[in-house]
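Note: hydrogens, waters and symmetry copies are ignored here, and every other heavy atom, side chains too, is used.
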Amino acid sequence: MNIRPLGDRVVIKRLEAEEKTKGGIILTGNAKEKPQEAEIVAVGPGTSEVKMEVKIGDKVLFSKYAGTEVKLDGEEYTILKQEDILAVVE
Amino acid sequence: MNIRPLGDRVVIKRLEAEEKTKGGIILTGNAKEKPQEAEIVAVGPGTSEVKMEVKIGDKVLFSKYAGTEVKLDGEEYTILKQEDILAVVE
Amino acid sequence: MNIRPLGDRVVIKRLEAEEKTKGGIILTGNAKEKPQEAEIVAVGPGTSEVKMEVKIGDKVLFSKYAGTEVKLDGEEYTILKQEDILAVVE
Amino acid sequence: MNIRPLGDRVVIKRLEAEEKTKGGIILTGNAKEKPQEAEIVAVGPGTSEVKMEVKIGDKVLFSKYAGTEVKLDGEEYTILKQEDILAVVE
Amino acid sequence: MNIRPLGDRVVIKRLEAEEKTKGGIILTGNAKEKPQEAEIVAVGPGTSEVKMEVKIGDKVLFSKYAGTEVKLDGEEYTILKQEDILAVVE
Amino acid sequence: MNIRPLGDRVVIKRLEAEEKTKGGIILTGNAKEKPQEAEIVAVGPGTSEVKMEVKIGDKVLFSKYAGTEVKLDGEEYTILKQEDILAVVE
Amino acid sequence: MNIRPLGDRVVIKRLEAEEKTKGGIILTGNAKEKPQEAEIVAVGPGTSEVKMEVKIGDKVLFSKYAGTEVKLDGEEYTILKQEDILAVVE
């Protein structure tokens, strides 16, 4: 099964705290917004106003409360808009 | 009888929990938004700003509380805007 | 007497519950919005942003609380914007 | 004395309930908005976004609470934007 | 001393109730907005979206509560945006 | 040390009440907004939508509560957007 | 490890009060907004509407409460949009 997000949406898989990246990133956040690390698993085509800047496999930081969670073939994913992604961790 | 949605609207038929897809998709949701699975049954022409990305027969995930329900020839449908569709499940 | 709506407005005549269409459409609605069936009796010229997609005689579904009611030559009509029309029933 | 409205504004003279048109129009309204009949007495030049669709002498339906009332040479007028005019009654 | 308003702003001098125009204009207002008469004393260059439609010396009607009052060389003026001017009285 | 404001921002130095201009400008204000006099000390490059209309050295009237105050080399300045400047006093 | 911000975002490192610049900048702020000094460490590509005006190494003033804090390889950073940067201190 395959998910194709619409417009400027992407599908991400959250990385657990245990699955830290090699660089040892640890995320803190202020009261307003708690960023989390995730991996991009699907990318929408973009819109006339939004060009997609991420690709499948990118590690990204995103706002914890953004998007909608779905369970697919037993795995949990989040569908969110690209504007809710803060940065790519390379 | 036929429904032709206006602008960037689509008409969908919700898939019951019992009508799971072969892949065994199970949807969970956070407090803000509970996505559901549906099938596209009619697609509007789009607008000058919104190009339609779905077609009749597509299986989609959409926000549970989006749109308006109508009963047509004994069947229930939902009319909603394409922007309320999160992704196509292929 | 004739009514010419401005911009992207249309004038509709609501179809009573008794005046069901042949297909036997029955409308239900969620708490947020109760759609109703009506017939288009006049169509504005549109605007630079909105192209009119309906024509006189079209049977349409629209949001019950949209628009403004007027009585004209003893008949009740509703003036509303095209964006408040959900779909054409053909 | 002459009033020249700016932008997409028009100046109208409300028609009293006693001054019904020949067609015998009687206006009702829902709780949200009560339309009234008036005659256009001056029309602004429009804006880059709004093209004027009414002309002096047009009988129009407008939202009762829209615009600003002024008294000019002993007569009361209302200055409002064209978007607050619902329709021309021809 | 000279005031040059920025963008689509104008500087006006309010006309006192005693300084009625020849035509004998008397302004009334509804609860929402009380228009007043004034004379244009300075006009900004406009913006890419707003073309100036008034010139120095124009008698105008404007919304009483719009803009900011300043005292200059002992005289009181109001700086406001052109969109807060309802009409030119010619 | 030099401050270069971004976009359509400017840096101003407020003129104290004691530093009145020759013309003897005295500013009054209504309850909503109290304008103050200041001198422009730095001008941003503008944006695709906003062209800068002020230059270094201009005496301006601005809304008292607009912008952010900073202390630089012992002097206090205010950084604000050009749209918060009402007029240039020439 | 490297952070690549998306769109019109930048990554900054806050300068501690102890790390004052040579010019001896001391920042004060009104109740609404307290600016702080920081150094740019990464710059997004911009968007179709926002052209980036800062570069890596720039010292900037930004609104204290803007953006999201992240810890990367033991160092704290803030990701924010360029519009939340007030000025470059040169």
Side-chain angles (χ1 to χ4, degrees), chain D residues 1-17 29 31-52 54-58 60 62-85, chain E residues 5 7-12 14-15 17 19-40 42-67 78 80-90:
Chain D
M1 185 175 298
N2 206 356
I3 282 193
R4 174 167 62 86
L6 294 194
D8 54 348
R9 288 188 179 87
V10 298
V11 181
I12 60 177
K13 181 155 184 49
R14 293 175 183 237
L15 298 182
E16 301 298 330
K32 284 185 298 185
E33 195 177 9
K34 298 181 187 170
Q36 284 202 337
E37 202 175 6
E39 184 172 339
I40 303 279
V41 300
V43 178
T47 69
S48 59
E49 269 131 45
V50 179
K51 189 173 158 257
M52 304 311 285
V54 294
K55 59 181 190 303
I56 294 175
D58 279 353
V60 297
F62 71 103
S63 172
K64 182 182 180 179
Y65 297 115
T68 303
E69 295 174 9
V70 301
K71 188 176 276 192
L72 183 61
D73 294 343
E75 297 270 351
E76 288 197 352
Y77 298 94
T78 301
I79 305 175
L80 76 174
K81 296 203 167 196
Q82 182 178 262
E83 70 186 5
D84 292 318
I85 296 179
Chain E
D8 54 348
R9 287 188 179 88
V10 298
V11 181
I12 60 177
R14 294 174 184 239
L15 298 182
E19 302 180 41
K20 269 190 221 159
T21 61
K22 278 190 301 192
I25 191 169
I26 300 162
L27 298 169
T28 67
N30 57 17
K32 285 185 298 186
E33 194 178 10
K34 297 181 187 169
Q36 284 202 337
E37 203 175 4
E39 183 172 339
I40 303 280
V43 179
T47 69
S48 59
E49 269 131 45
V50 179
K51 189 172 157 259
M52 303 311 283
E53 302 176 51
V54 294
K55 59 182 189 304
I56 293 174
D58 279 353
K59 297 283 192 308
V60 297
L61 301 177
F62 71 102
S63 172
K64 183 182 179 179
Y65 297 115
T78 301
L80 76 174
K81 297 202 166 195
Q82 181 179 262
E83 70 186 4
D84 292 319
I85 295 179
L86 302 171
V88 175
V89 181
E90 291 172 332

Checklist entry - Residues two or more places apart in sequence or in another chain: which of them pass side chain to side chain donor-acceptor pair (under 3.5 Å) with D:Thr47? => result none
Checklist outcome for this item: The interface call for E:Val50 against chain D, heavy-atom contacts under 4.5 Å, is neither
Checklist entry - Which atoms form the tightest heavy-atom contact between D:Pro5 and E:Ala87, and what is the distance? => result CA-CB, 3.7 Å
Checklist entry - Which residues pass the side-chain contact (heavy atoms from CB on, under 4.5 Å) test with D:Val41, sequence neighbours left out? => result D:Val11, D:Lys13, D:Tyr77
Item to check | Which atom of E:Ile85 lies closest to which atom of D:Arg9, heavy atoms considered | outcome: O-NH1, 2.9 Å
Item to check | Heavy-atom donor-acceptor pair, E:Glu53 side chain to D:Gly7 backbone, under 3.5 Å | outcome: yes
Checklist entry - Say you draw a straight line from CG of E:Asp84 to CG of D:Leu6; how long is it, rounded to the nearest 0.5 Å? => result 11.0 Å
Item to check | pair D:Ile3-E:Leu61: side-chain heavy atoms closer than 4.5 Å | outcome: yes
Checklist outcome for this item: So, the part of D:Ile79 with a heavy atom under 4.5 Å from chain E: the answer is side chain
Checklist entry - Which atoms of E:Glu83 come close to chain D, meaning under 4.5 Å heavy atom to heavy atom: side chain ones, backbone ones, both, or neither? => result backbone
